[in-house]
Structure formats: structure tokens, C-alpha cells
Amino acid sequence: MKLSLQRQMMENLIIARARQDALQRKMEERRLRLQEEANRRFAASGAMTVEEQEQRRLYTNVLEYEQDHDWPKLWKTSMKEYPDDVTLAPRLVSYLLSRSDHPVVKLLRKHQYSVYNRLYPIISSAAAHSPAPQPTPSHSDHSLLQTGQSTAVSSSPSPSRHNLHTSGEDEEEEEEPHTQALVEREHSFEDLEQFLTNLDWTPPEGSRIDDLCSDSNLTFDPAVLKECQVQELEMRALKEHLKAVVKDIHIAIDQLLSLALLSFECLNTAASKDLCLACIEEAFFTPLWTALVALFRKVNVEREQAFQSSMTLYREASPRDVGVSIKLFPPEPGTLQGSYPYECAVLELKLLLNDYCPQKKLECLIRTLRMICACAEDYRSLHDGDASPTTAAIGADDLLPILSFVALRSQCPQLVSECAALEEFIHEGYLIGEEGYCLTSLQSSLAYVESLHAAGAQLPPDTLL
Amino acid sequence: MAAGGAGSNKTYSFKVVLLGEGCVGKTSLVLRYCENKFNDKHITTLQASFLTKKLNIAGKRVNLAIWDTAGQERFHALGPIYYRDSNGAVLVYDITDEDSFQKVKNWVKELRKMLGNEICLCIVGNKIDLDKDRHVSVDEAERYAESVGAKHYHTSAKLNKGIEELFLDLCKRMMENAQADERLKGNGSSQSASSWRGVQIVDDDPQATPAGGCCSSG
């Protein structure tokens with residue numbers, strides 16, 4: 001009895017093992033077959049670069065995925081069947097991005113994770129030094145992720161000079177709180193967090209400040225150097241880090257787009273490609289923007305401070321004080337009943353901080369400038385009555401002073417950093433369009449506002465120009 | 001933005017900056033140009049600050065984006081970010097105002113410094129309806145324009161004179177520049193992001209670059 005049972009168990013075990021081997025062999029065969037298919041697909045190019053190898057590997061994953069899932073095939077068929085249905089492409093893209101096991105989405109998470117990892121040590125050091133009651137790592141992390149945009153600069157106008165040196169040591173201790181804090185972050189980071197726990201968090205080498213400094217050949221001994229020099233070096237390191245992160249993001253998005261287009265060739269038309277890019281960007285930036293802009297704010301801290309000073313100085317300023325033509329705001333403040341000129345544009349501009357994707361922000365900016373033009377027209381008609389409404393339209397000579405006034409009234413120094421970030425991530429195609437024009441105008445106005453406080457209360461009387 | 005289609009496979013997109021002091025009438029000038037007789041929908045909701053116009057020149061489609069800039073001194077610090085990637089510049093002065101002509105000279109210097117010879121410059125003496133009050137001599141203006149490699153035009157926004165010609169001429173020059181640029185680069189050479197010089201290739205070839213998607217997306 002006992003013996004026969006043992007034998008049976010043994011046999012079962014052998015059968016199971018054989019089955020597993022067979023399965024593995026089969027998987028391996030399939031993998032090779034798909035690899036070959038991927039190789040054929042890329043056969044045109046002779047010598048392969050590292051990127052091409054990576055691309056090939058990713059494409060193999062896509063083929064593998066398509067063996068196991070039917071939906072890509074079904075979508076491709078319906079795209080072919082109904083080429084005129086314009087709703088198909090957007091639906092396909094959003095479906096694709098909702099499949100967390102698809103290689104495109106996996107790649108998206110991987111890139112987001114690595115960008116976040118590069119941002120985290122830097123923005124967390126800013127939070128750790130904010131005047132929080134208990135500066136324990138977990139607490140500072142909470143404040144970082146909850147207060148979002150306002151952490152890095154406004155809570156600590158003069159960031160500590162030494163945090164860069166300590167942040168390296170903090171890193172190991174902060175491993176745990178890091179993942180915890182991510183759970184706290186709204187749903188947008190849920191996926192990322194899951195990904196993170198699956199991977200065992202190991203801080204990548206490049207994200208350490210010490211490495212960062214040695215990367216850029218900045219070897220220094222803090223004890224010897226004067227404080228201002230340390231600050232300067234620190235800023236240089238931060239700027240280089242920012243540049244590297246921006247570059248990584250561009251590469252990541254390019255890679256994601258090409259993998260998505262490889263997976264669904266039917267999306268490779270001018271219109272669908274734009275759409276695909278927009279969706280990828282939205283998915284990519286939304287969970288990262290807060291952390292990303294925090295780094296931009298660290299780099300632009302001086303400009304934000306200048307903006308803040310002008311803001312305080314000109315809190316009660318009238319449009320006239322920043323050079324708006326008399327005809328373009330109501331003659332008496334009383335006519336607006338508790339409101340102030342261009343209030344709707346100010347409110348719209350403030351909403352820019354609530355979006356987490358560059359494209360959305362640019363749309364908000366366009367709405368702001370359009371509102372300014374519409375308001376200006378209304379105010380002018382208050383002066384002119386109905387006479388000659390078309391003879392003069394708002395040109396840049398009028399627009400910039402009004403926009404400066406609107407920016408002042410918005411009371412958001414963070415706009416400085418937001419614009420700097422938008423400049424990096426605006427599409428080339430949009431650069432010469434309305435988006436580009438609005439962004440350039442806002443940047444110009446912000447620079448003017450920043451310069452205001454230096455000029456003091458006495459505004460140069462060139463307002464009549 | 002890129003409207004693909006059969007026939008010609010190329011659309012040129014050009015950026016033109018508009019420069020000039022406050023009272024020289026650059027706003028009226030550009031409004032005149034963009035308020036088409038047949039269709040006045042060209043005026044965007046940003047009014048005269050940012051205007052677009054679609055043209056068809058010698059069978060090629062041209063999209064023109066006209067960027068107005070502020071003439072006031074205090075906004076000049078950020079001037080260069082307006083000029084960036086411009087294919088052309090229209091520099092307007094008032095023929096009755098010597099000072100406005102001097103300002104044009106300053107802008108020319110700045111533009112050449114920033115953009116080299118790649119940018120097509122147009123120097124425009126506006127308000128020729130007020131010729132009796134002229135303070136900038138035709139001779140001087142034209143000589144100056146020639147000396148800096150710019151073309152000189154006379155316009156009147158009030159009488160709608162010379163404006164159409166000015167922009168048509170500018171477009172043709174920008175197209176020549178772009179075509180020369182293409183020839184120089186050859187066709188297959190990789191276009192980096194910064195080499196966006198107004199030439200937008202509407203690519204209808206479905207499988208042009210299946211593998212090398214990592215380098216540029218537009």
C-alpha cells in the first residue's frame with residue numbers, strides 16, 4: 001500500500017516535470033519563432049544599435065502578447081473594416097493604455113518609474129527641509145505628495161544649502177516611506193506603486209546627488225568652499241540633473257510612441273499618430289507632473305522669488321500701473337461691482353496649475369489669452385460706445401501689458417516654473433502655432449513682472465508708447 | 001496641423017515675426033493682409049497678436065503664422081524667444097517718424113545676430129498716404145535695406161497699398177530659402193529636432209522608417 005502510493009506519487013511528479021519541460025520547450029520555441037519574426041521585421045537595417053536591439057526585444061514582447069490575447073487582432077480587423085470611422089482610433093488608443101499587461105503600458109510604467117526615481121531624491125530633500133513640525137522622512141514625504149505643487153519653493157523660500165549632501169545618506173532609510181507615501185498619492189500612482197513593489201525598490205545609481213556631482217566633474221570639499229560657491233555648484237548640479245531628466249523624458253516618449261505604432265500599424269497616419277502621442281503624453285505626465293515641476297521650481301527659485309516680490313509690491317496695482325492703455329480697462333473701478341478688470345482671465349490662468357499634462361496646460365493658456373482679447377474688446381466698447389469697433393484690434397502692444405497685469409493678479413509664482421517646463425515639452429509642431437505664441441507671450445510677461453520689483457515703485461513712464 | 005493630401009506632398013509652414021514701434025501701424029498692416037475680401041475668418045480669437053493665413057503659391061501650400069511682438073522697450077528682454085525659429089521678419093517703421101526707423105535698425109542687428117542670414121528680412125515704410133510729412137528719405141531707407149541684405153517696401157495700411165505684394169514676395173523668398181535648405185541637406189539625411197526650419201514634410205509613405213522610431217517623432 002504505502003509503497004504503491006509512493007510510486008504513484010513519484011510517477012505523478014515525473015509526469016508533471018515532463019509536462020513542465022515540454023511547456024518550457026514550447027515557450028522557448030515560440031519565443032525563438034517570434035524573435036525571428038521580429039528580426040525579419042527589422043532586417044532592413046544592417047548593424048544594430050543598442051536602441052534597435054531594445055526595440056526588437058520590445059517588439060518580440062508585443063508579438064508574444066498578441067499570441068496570448070485576441071483583442072489586438074480584433075481591433076486591427078475593425079480598423080481595416082471601417083477605415084472611415086474616426087472614433088475607432090481614439091478608442092483603440094485608450095483601450096491599449098488601459099491594458100496594464102500590454103508591453104506598451106509596461107514600458108510606460110517602467111519609464112515613469114525611472115523618471116520618478118530620478119526626481120524623488122531631489123524633491124524629497126526639499127520637503128525634508130520644509131518647516132514641517134516633525135521632519136521625519138515619512139512626514140516630509142506626506143507633505144510632499146499631499147501639498148503637491150506648493151512644496152518645493154513656497155514653503156521654504158531659502159532652501160537649505162546642505163541638503164544635497166545629506167540626501168545621499170537619507171536615501172536608504174527612506175526606502176520604506178517612499179513606497180508608503182506612494183500609496184498615499186491619489187489613484188494616479190496606484191499602478192506605479194504596484195509596479196514598484198513588484199520590482200523591489202533599488203535606487204538607481206544615477207539618481208544620487210554625489211554621483212550627480214561627480215558626473216559633471218564637480219569635485220569639491222564643502223568644508224573648504226565658501227557657502228555661495230557651494231550654492232552655485234549645487235545649482236549647477238541641479239540644472240544638469242534637470243536637463244538629463246528632460247532628455248530622458250523625451251527619449252521615453254519617443255520610444256513609447258514608436259512601440260505603440262509598431263504594435264498597431266493602423267495608427268501610423270498623421271492624424272492618428274498625433275492622437276496617439278497626445279494620449280501617451282497624458283498618461284505619462286499626469287502622475288509625474290507634480291514631482292517634475294518641483295524640480296523645475298528648485299532650479300527657478302530665484303526667478304520665482306523675484307516674481308513674488310513684484311507681486312507683493314503691486315498687489316493693489318491698477319492695469320494702468322503696468323502700462324495697459326486707458327482705453328482697455330473700465331474708467332472707474334466701481335463699474336465692475338466688487339470685481340476687478342480681467343478677473344475671468346486671471347481665474348482661467350490659475351486653472352493652469354490644476355492640469356497635469358503639458359497639452360492641457362497649453363489649451364488653458366490659449367483660453368486665457370482669448371479671454372483677455374474678448375475682455376479688452378468689451379472694455380474698449382465701454383469707452384467708444386459703438387463707434388468704429390473694427391478699426392483697432394488687440395495687438396501684442398496691448399496684449400503684453402494686460403497679460404502682465406493678469407499674471408500679477410494670479411498670485412502664482414509657480415507659473416514661472418510651469419512655463420519653463422512647458423517650454424521643454426511643447427511639441428515642435430505647436431511651437432509656431434497659437435500654443436507657441438501664447439506660451440511665448442506669457443514668458444515675456446512673466447519676465448517683465450519679475451523685473452518690476454527691481455525697478456521699485458516708480459514705473460518708467462513709457463506707458464504711452 | 002499638417003493636412004495631408006494627394007498631389008503635392010508638401011506644405012510649408014513659416015513663422016514671420018512682426019516688429020515695429022507702437023504707433024507705426026503694424027497692427028493695421030497685418031489686419032489688412034489677413035482680412036481677406038472673400039473670407040474674413042482668418043482673424044483668430046487672438047485678434048491681431050497672432051494671425052494665420054493659408055496660401056497657395058506656385059502649386060505649393062503655405063501656412064503662414066504671423067507673430068506680432070510688443071514694441072515697448074520694457075518687453076525687449078525676452079524678444080529673442082519671439083524670434084526663435086522665425087523664417088521671416090517684417091520690420092515696420094512710420095515714414096513720418098525718423099525715430100521709428102532707427103528702432104528698425106536696432107532690430108535688424110538683433111535678428112541678424114540671432115538668426116544669421118537664414119531669416120528673410122523685410123523693411124517696410126508704412127503710412128505712404130502721409131508722404132507730405134515724410135521724415136525718412138526713400139533713398140536712405142532703400143540704401144540701408146540693401147546694405148543689410150533686406151528688401152524694402154512701401155505700404156499704406158489706410159489705403160491698402162503694397163501689403164499683398166509685400167507678403168507674397170516674402171513667402172516666395174522663404175520658399176526659396178527652404179528649398180535651398182532641402183537641397184543642401186539632401187533627402188535622406190536625418191533631421192534632428194532643431195533642424196525644423198519651416199519645412200514640414202507631410203509624409204504619406206506608410207513604412208518610411210519602421211525601425212528608427214527612437215530618434216524623432218515629428
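Proteins come first, then strands; the chains are lettered A, B, ... in the order of their sequence lines, and each starts at number 1. Heavy atoms only: backbone and side chains are in, while hydrogens, waters and symmetry mates are out. Everything quoted here is computed from the prediction, not taken from an experiment.
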> Working to the nearest 0.5 Å, report the span between CG of B/Leu46 and CG of A/Leu399.
7.0 Å
> What's the shortest heavy-atom distance between B/Thr69 and A/Asp397, and which atoms?
O-OD1, 3.8 Å
> For a 4.5 angstrom cut-off between non-hydrogen side-chain atoms, does B/Arg74 reach A/Ser451?
no
> List the residues meeting salt bridge (Lys or Arg N to Asp or Glu O under 4.0 Å) with A/Glu348, not counting sequence neighbours, and say none if there are none.
A/Arg367
> Mind listing the closest non-hydrogen atom pair of A/Leu400 and B/Tyr82 along with its distance?
CD1-OH, 3.3 Å
> Quick check: does any side chain N or O of B/Asp68 sit under 3.5 Å from a backbone N or O of A/Gly395, one acting as donor and the other as acceptor?
no
> Any donor-acceptor pair under 3.5 Å linking the side chain of B/Trp67 with the backbone of A/Ile432?
yes
> Report, in residue-number order, which members of residues 437-447 of chain A are under 4.5 Å from chain B by heavy-atom distance.
A/Tyr437, A/Cys438, A/Thr440, A/Ser441, A/Gln443, A/Ser444, A/Ala447
> Any chance you could measure B/Asp85, atom CG, to A/Leu431, atom CG, to the nearest 0.5 Å?
5.5 Å
> To the nearest 0.5 Å, how far apart are OG in B/Ser49 and CD1 in A/Ile394?
7.5 Å
> Just jot down the salt bridge (Lys or Arg N to Asp or Glu O under 4.0 Å) partners of A/Glu424, sequence neighbours excluded, or say none.
none
> Does A/Ser272 have any side-chain hydrogen bond (donor to acceptor under 3.5 Å, both in side chains) partners at least two apart in sequence or in another chain, and if so, which?
A/Thr269
> What part of A/Glu423 gets within 4.5 angstrom of chain B, counting heavy atoms only: side chain, backbone, both, or neither?
side chain
> Just checking A/Glu302: does its CD atom have more than 12 heavy atoms from other residues, nucleotides or ligands closer to it than 6.0 angstrom?
no
> Would one find more than 12 heavy atoms of other residues, nucleotides or ligands at under 6.0 Å from atom CG of B/Leu168?
yes
> What are the two closest non-hydrogen atoms of B/Gln47 and A/Cys373, and how far apart are they?
NE2-O, 3.4 Å
> Can you tell me if NZ on B/Lys158 sees more than 12 non-hydrogen neighbours from other groups inside 6.0 Å?
no
> Look at atom NZ of B/Lys105 and say whether more than 12 heavy atoms of other residues, nucleotides or ligands are closer to it than 6.0 Å.
yes
